[in-house]
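Structure, as structure tokens:
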Amino acid sequence: MQGVRYRRLVAALGGMLAALAGASPALAAAPQSLLHPAGPQAEELAKAITWDILAITVIFVPVALLALYILARFRRRPGDDELPPQVDGNPRWELGWTLALIVGLVIMVLHPLPAEAFFERLPKGEKTLTVEVIGHQWWWEIRYPDYGIVTANEMHIPAGTPVIVKTWSADVIHSFGVPRLGGKNDALPGRVLKFWLEADEPGVYQGQCYELCGASHARMLARVIAHKPEEFDAWVQARQNPVVAVPEGSLAAQGEQVFRGLCAACHTVDGTPAKGTIGPNLTAFGTRTSIGGGVLENTPENLAVWLADPPAVKPGSIMPNLGLSQDNIQALVAYLQALK
């Protein structure tokens, strides 16, 4: 019976190590898995993590097996009246395993250094895209200084192009990271930091804030949407020429009037009188995939829920419950969804 317990324990430890090493499909497919890289930065980071896991495993497994053997072999049994012979020590063995651990630790420290240098290297002499990311409680402002574009919570980039990301904060300390693309950087008030990321293939990559920053820290999400280069160019062109006109007399036109009366002081919509800077820029809002700082998918139903009571969806939200009537909510939904 005792042997069965030990075998089960060893099997459980083996399963945990296999999962950490990326053998678990569920873990590998997780939206923010460090072990499922999708860019050169993330690839280097995954290699460093895998190396550390293997090195720790090489040390841990023999020690764990030896400990289990000692527990099984030298445990006190019924009828044993005396303790086993006591050993004061063995200098050779003690020196040997101490040196082995030191060598192992030195290797673990030195091996990731090339990867760290890779992380610090900002691409030079090649085509890059610069994006500015400003942390707010609790959403991300995304700026493209070369294109004059400002958006929120969703970063659009061309696949296969290094993106230099400049981060800072408008209030408290935040931290912007997208694990599958590699890299994570603090967003500090009054200080600009840089790192870079790159997506190998088009796709949507999940990120979020990694620094405890208040009540809705866990709901401060981000998405990086990587396009084919020509599709990214089309996105830039469309974003620089947004469609803001709505048919006269339509529900969307009613929503525009409600928006100008209640929302324009806090939000900007390019091409309209709305020039507020307190909340996210809502230009081309209808093309976004998420709302509420990434908490909800951008659907008319979810948008209505958000407008009815933002703090209920995102505790501490700076956008208050405006006490909107259902008619005003439906009109605002129609207007915001029409912004392309």
Side-chain angles (χ1 to χ4, degrees), residues 2-28 30 32-77 80 82-123 173 175-186 188 193-198 210-212:
Q2 196 76 17
V4 172
R5 290 178 180 174
Y6 288 129
R7 286 195 294 272
R8 288 177 178 174
L9 178 58
V10 172
L13 290 172
M16 291 170 60
L17 291 170
L20 288 173
S24 168
L27 180 61
Q32 299 189 60
S33 171
L34 290 169
L35 302 176
H36 194 202
Q41 281 267 40
E43 186 70 36
E44 290 296 322
L45 183 59
K47 289 178 182 177
I49 293 173
T50 301
W51 169 263
D52 283 347
I53 291 174
L54 292 176
I56 293 170
T57 302
V58 168
I59 297 171
F60 173 78
V61 171
V63 172
L65 292 176
L66 179 60
L68 292 173
Y69 169 75
I70 292 172
L71 288 173
R73 176 67 178 81
F74 298 104
R75 71 185 187 280
R76 198 165 189 175
R77 295 175 173 80
D80 290 346
E82 298 181 1
L83 293 173
Q86 302 301 296
V87 179
D88 292 333
N90 189 316
R92 291 183 178 179
W93 276 99
E94 291 170 3
L95 179 62
W97 68 54
T98 300
L99 290 176
L101 288 174
I102 291 174
V103 171
L105 290 173
V106 169
I107 293 174
M108 288 177 62
V109 170
L110 294 180
H111 182 270
L113 290 182
E116 291 180 13
F118 181 80
F119 299 153
E120 295 296 327
R121 178 186 68 84
L122 290 176
I173 297 176
S175 183
F176 178 81
V178 186
R180 292 196 59 209
L181 300 183
K184 176 176 73 69
N185 223 32
D186 287 342
L188 307 176
L193 301 178
K194 297 180 183 179
F195 78 111
W196 69 280
L197 54 79
E198 182 179 341
Y210 287 89
E211 184 77 29
L212 181 59

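Note that these values count all heavy atoms, side chains included, but never hydrogens, waters or copies made by symmetry.
No donor-acceptor distance shorter than 3.5 angstrom exists from the side chain of E211 to the backbone of D186, with no hydrogens or angles considered. With hydrogens and angles disregarded, no donor-acceptor distance shorter than 3.5 Å links the side chain of R180 to the backbone of A42.
Atom-to-atom distance recorded for L181:CG and W196:CH2 is 11.0 Å, nearest 0.5 angstrom. Taking CG of L45 as the start and OG1 of T50 as the end, the distance is 9.0 Å to the nearest 0.5 Å. L65 CG to F60 CZ: the interatomic distance, rounded to the nearest 0.5 Å, is 8.5 Å.
Of all heavy-atom pairs between E198 and P40, the closest is OE1-CG, 3.6 Å. P179 and Y210 get closest at one heavy-atom pair: CG-OH, 3.0 Å.
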